[in-house]
Amino acid sequence: PTPSGVAQAQGGPGLPSPGEAPPAGLAGEIADFLAEPQHFYDVLHHFSDKHQRDIVRAWAVLREAGRLKREEASGKYLV
């Protein structure tokens, strides 16, 4: 038997498989949400219906494109 959670960690049913392309559409949704400065936690909460792995991968798309900025005083992110 497989321990609980192992299938999810390995990209089980309903989850993207390792090496799958980052979710660019979700990156666009996150960018829209970051029109107003937000903490990363707020992003996770707002997109709680998405897999956290997808959120992090979409976040990486924005970061690698140089679109993420951060407010020094609050630590909040924006695009």
Side-chain angles (χ1 to χ4, degrees):
T2 305
S4 177
V6 170
Q8 288 183 345
Q10 296 175 348
L15 296 176
S17 60
E20 187 175 306
L26 181 56
E29 292 178 45
I30 292 172
D32 291 343
F33 182 65
L34 291 176
E36 295 291 324
Q38 306 287 338
H39 287 109
F40 185 70
Y41 171 81
D42 298 323
V43 174
L44 291 176
H45 182 72
H46 183 80
F47 293 97
S48 62
D49 62 327
K50 310 287 186 197
H51 292 289
Q52 285 187 0
R53 180 172 183 235
D54 289 342
I55 296 169
V56 171
R57 294 177 80 203
W59 189 265
V61 169
L62 295 172
R63 186 183 63 240
E64 290 168 7
R67 296 185 63 195
L68 287 176
K69 296 176 178 38
R70 196 159 190 194
E71 292 183 336
E72 291 292 323
S74 69
K76 292 181 178 181
Y77 292 92
L78 65 152
V79 293

- Message: Rounded at 0.5 Å granularity, tell me how far NE2 in His46 sits from CG in Asp32.
- Response: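 CG of Asp32 is found 9.0 Å from NE2 of His46.
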- Query: Atom NZ in Lys50, atom CD in Glu29: separation rounded to 0.5 Å?
  - Reply: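 So the gap between those two atoms works out to 5.0 Å.
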- Message: Tell me the closest heavy-atom pair linking Ala58 and Pro23, and the distance in Å.
- Response: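 Of all heavy-atom pairs spanning Ala58 and Pro23, the closest is CB-O, 3.8 Å.
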Just list the side-chain donor-acceptor pairs under 3.5 Å for residues 65-79, sequence neighbours left out, or say none.
residue: Arg70; atom: NE; partner: Gly75; partner atom: O; Å: 2.7
residue: Arg70; atom: NH1; partner: Tyr77; partner atom: OH; Å: 3.1
residue: Arg70; atom: NH2; partner: Gly75; partner atom: O; Å: 3.2
residue: Glu71; atom: OE1; partner: Ser74; partner atom: OG; Å: 2.5
residue: Ser74; atom: OG; partner: Lys76; partner atom: N; Å: 3.1

- Applying the 4.5 Å side-chain criterion to the ILVMFWY set and letting contacts propagate, would Val61 and Phe33 be lumped into a single cluster?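 No, Val61 and Phe33 fall in different hydrophobic clusters.
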- Message: Under 4.5 Å between side-chain heavy atoms, counting indirect links through other Ile/Leu/Val/Met/Phe/Trp/Tyr residues: same cluster for Leu62 and Ile55 or not?
- Response: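 Same hydrophobic cluster.
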- Query: Are any non-hydrogen side-chain atoms of Leu34 and Trp59 less than 4.5 angstrom apart?
  - Reply: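 Heavy-atom side-chain distance check passes, below 4.5 Å.
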